[in-house]
Amino acid sequence: MKLDFIPVDYDYFDFEGRNFAKVIGRSSNGKRVCIIDSCDVYFWAILKEKISQKEIERLSEKIGEIQLDVKGRRTKVEKVELHNKKFLGNEVKALKIFATNYKDLHDIADQLGMPEIEKRRGYDLGFISHYIMEKKLNPLNWYEINGEILNNSLEFGGIDSSLNVDLCIKVDSIKQSDKQNFSPKVLAFDIEADDLKIGEGELLMVSFISENFKKVITWKKCTKKLDYVECVKDEAELIERFVEIVKKISPDFLVGYFTDGFDFPYIKARAMKHKIKLDIGLDGSQPRFSKSGVGRFGTAKIDGIVHIDLLRFIETAYSQYMQSEVMSLNEVANEFLGEGKKEFEFRHSSKIDSDGWEKYFEYNLHDSVLTYKIFEKIWPDLLEFTRVMQEPVFDVSRNGMSRNVEDYILHNLSRFNEIPERRPGYDEIGERKKREKYVGAFVFEPTAGLYQNLGIFDFTSYWPSIIVTFNLSKSTMLEKKEKNSLEVDLKDKKVYFSKKPGFFPEMLKEIIEKRKKYKKELAEKFDVIKKARSNAFKLLANASYGYLGFFGARYYCPEASASATSISRDFIKEIIAKINNEGYKTIYSDTDSIAFLLNEKSKQKTLEFLKKLNSGLPGIMELELEDFYKRGIWVTTRTGEFGAKKKYALITEKDKLKIRGFETVRRDWCALAREIQNNVLLMILEDGDEKRALEYLKKLVKEVKERKINVKKMMIRTQLKKPISEYKSITPHVVAAQKMLEKEMPIDMGTLIEYYIAETDSKKKLVRDKVKLSDEPGEYNIEYYLKHQILPAVENIMQVFNFDVNTIIETKKQKTLGEF
DNA sequence: GAAGTGGATATACC
DNA sequence: ACTGGTATATCCACTTC
């Protein structure tokens, strides 16, 4: 039997003591296929230097005789081989120790306390990762599979008869295929419930969207007006229908939004209450819920069907580039699709009239529609991320960038003949976390002022280009100085790096080259998959520097991180000096970018100068023009003593604004202050003086004093970063959160708390005593908003023109101060 | 009880 | 705990006189 196959979901099982991979995917004619395969399981014992051949033979024999009785399983070492390998770039002799079951590797490794053995590695990868590395059956790529159909055979304990697939195949051989296209079957869903606390209310309805399929199932209230609404008897029947529909559609991907944290835990809790089995897995199993880490939400994994929680992937892959300040379905849908959620005013189901129910059904269905559409939009990225990281899409969609970097490294090690480094243990992580911060990037202190005609240069992929050019990594760091090695002087010690290219910088170099290649091809002809691939490589490169300094990294090397920042400071300062020497004037610089005054020099000349600068840069380091700007403004800090860093605004000749750091771009300031500041900046940068901005400001201050501003514009939004009880300092947003708790509103860490500062009786002095929730009636506190929102937002901007904004704010107290 | 200061907290920049 | 360091700013908590 031969067929084209694309692996989608990976799992494994034990049969007669051995591990078997059970991979679910599709054939080219759209059939649901399961393949069963096995691979060698082994780990490495790295030998100490200067061990004689005879000693190795004796050791191998001894290891080969190891037998264990663990976890109710008798196991033994099956085979031992000697290999020439590399570990952290060094040539080593290592024993490849084969076992029957992957789960035994750790226990066997524990038996290897022999003095000839230096290190034990490669037993902590997880069977699926190990299988993918061994057999190169990469997720979401097409293969030609040769094998034997299991037709209700008793092999593997009759696994195929209990699996709801079209075909089950025992693999003989795997060959790469050229096929590219894959359109998965997708089912999006969303639930509504009365109480937002998990499992504490009733499930009211569930909506589904798939290709040519839409449905809302409900039991509270029935309607004949909407043809997609299906009515059932009660909540128990609703859950049973949910199970039936997932089984009937049997999608490759079951997609939701925040479904790891809300929908699945909710359905599980309600199903348990009614004693209903959520047997939606292809093998008839219920979703497996795993808790991952403290405070973080767990995951819901379904056998054979990949559950995707869009929120998770969006947070890692997109959030840093998104405009939206919150990652709710509404905001994300607006940004991705230009379309938000349907309007619906929530109330308890007992208080909804029949019109209300119809609106509720539409609302619920539309959430699934948005979820489905967002999935379609991000699918190319998810596909390419998975192909690049070579881990199952379930994991890739949930992993953070550090994990992605590590997966990429692990799956590419074999090309370098490298044995994988181990994951740090609990104690080691503890030690690493105690490490003092190393010195980071250089930030130039600007002089406050309004400037004309600026240019900005910046380094392309600064960190990756430094790591590659100077060969920085754990494996290239030397014990001591060697001939031709690079010496970096860190604050408390000197470190050295070999010139011999290491696998980490080499991989990074490949990543950058691939990114460049796809980007170039994209410029010639747009292609959504290439765009996604280019993006995956870009994010991977950007995260690689942070990975080196991350305490959880296998290839953790803070010395390499510190060296990268040290080198970065040297280069940026050198370029600043060269720019100034050429007759330009540096105004500002942060990490990898430099803003300078053109000083009557032409753009043409500036670009030629850039070329000259580039010719002096080593390796793959490259400086490019970010843009030219008509005007730019830098302000002082609030104390007025220094030019403020990380806060500036620029405008191009085409009047395009670029604002950084100002309150305008901070979500924890009220909309009014942000709007005023934004307009003031725009007017000043457009005109080159403050006159128009000043008139505008006076007008707005008057409106605030006359209470003409809608209280909606006064809302301050601040995120809860930890459980309320853990706050040592009771700030306004904590008070607001406490008020929400009293009202039984669901709050969690991560919730964005919305409140305003209201007029209250004058005895209370602290800001937090004047906090009111967004829906609480009250009047905004004029003095607070003038003095603590508007004034700070514009004070330092106007100071550039020697204008004191206090003179137009003029609250009672300010007057007495103003007399000085 | 006003004034000053350090710590806790949130968010942005790169 | 789930990439890194640098920086600003607010408001509370506490000390001091």
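A, B, ... follow the sequence lines: proteins, then strands. Residue 1 opens every chain. Quick note: numbers below take in every heavy atom, side chains included, and nothing from hydrogens, waters or symmetry partners. Because the structure is a prediction, the values reported are computed rather than measured.
Within the structure, salt bridge (Lys or Arg N to Asp or Glu O under 4.0 Å) pairs that include any residue of residues 721-739 of chain A comprise A:K739-A:E776 (at least two apart or interchain).
Scanning DNA chain B 5' to 3' for nucleotides with an atom closer than 4.0 angstrom to a non-hydrogen atom of chain A gives a first and last hit of B:dA2 to B:dC14.
Aromatic rings of A:Y462 and A:F571 (six-membered ring for Trp) have centroids beyond the 6.0 Å cut-off, not under it. Checked against a 6.0 Å centroid threshold, the rings of A:Y555 and A:Y547 do not count as neighbours. Outside the 6.0 Å centre-distance limit, the rings of A:Y588 and A:F596 are not counted as a close aromatic pair.
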When you look at A:R674 and A:T664, which way does the side chain to side chain donor-acceptor pair (under 3.5 Å) test go after all the steps?
-> CA-CA 4 Å; A:R674 295 170 67 179; A:T664 298; over 6 Å; no
A:H733 vs A:Y755, ring-ring contact (aromatic ring centres under 6.0 Å, His included): CA-CA, chis, key distance, verdict | CA-CA 7 Å; A:H733 85 293; A:Y755 61 93; 7.3 Å; no
Can you give one letter per nucleotide of nucleotides 8-17 of chain C, going 5' to 3': B for a protein heavy atom under 4.0 Å from the base, S for sugar-phosphate only, - for none?
-> SSSSSS----
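In this entry the distance linking NZ of A:K491 with C1' of C:dG5 reads 12 Å, nearest Å. Here the P atom of nucleotide C:dA1 and the CZ atom of A:F550 are 10 Å apart, to the nearest Å. Look at CD on A:Q320: it is 14 Å from P on C:dG4, rounded to the nearest Å. In this structure, the CZ atom of A:R435 is 11 Å from the C1' atom of C:dT3, given to the nearest Å. Rounded to an integer number of Å, the gap from CG of A:N404 to C1' of C:dA1 is 16 Å. For the pair A:E431 CD and C:dA1 P, the computed distance is 15 Å after rounding to whole Å. Put simply, OH on A:Y462 is 20 Å from C1' on C:dT3, counting in whole angstrom units. In this structure, the CZ atom of A:R312 is 13 Å from the P atom of C:dC2, given to the nearest Å.
Counting any heavy atom pair closer than 4.0 Å across all strands shown, A:Y648 reaches sugar-phosphate atoms only and no base atom. No engagement by A:V405 is indicated, since no non-hydrogen atom pair under 4.0 Å with the nucleic acid exists. Nucleic acid contact class of A:A441 (heavy atoms, under 4.0 Å, all strands): sugar-phosphate only. Residue A:G661 is classed as a sugar-phosphate contact, given heavy-atom separations below 4.0 Å to backbone atoms only. Nucleic acid contact class of A:Y438 (heavy atoms, under 4.0 Å, all strands): sugar-phosphate only. In this structure, A:G440 reaches the sugar-phosphate backbone alone: every heavy-atom distance under 4.0 Å involves primed, P, OP1 or OP2 atoms, never a base.
In this structure, A:F442 and A:F444 have perpendicular ring planes: the angle between them is above 60°, well past the 30° mark.
Between the side chain of A:R768 and the main chain of A:P732, no donor-acceptor pair closer than 3.5 Å is present.
For A:V439 and A:F551, each mapped to the nucleotide of DNA chain C holding its nearest heavy atom, the one lying further toward the 5' end belongs to A:F551.
Annotation: cation-pi geometry not satisfied between A:K474 and A:Y556 (NZ/CZ under 6.0 angstrom from ring centroid, within 45° of ring axis).
A salt bridge does not link A:K645 with A:D590: every distance from a Lys NZ or Arg NE/NH1/NH2 to an Asp or Glu carboxylate oxygen is 4.0 Å or more.
Look at the P atom in both C:dT3 and C:dA7: the space between them is 23 Å, to the nearest Å.
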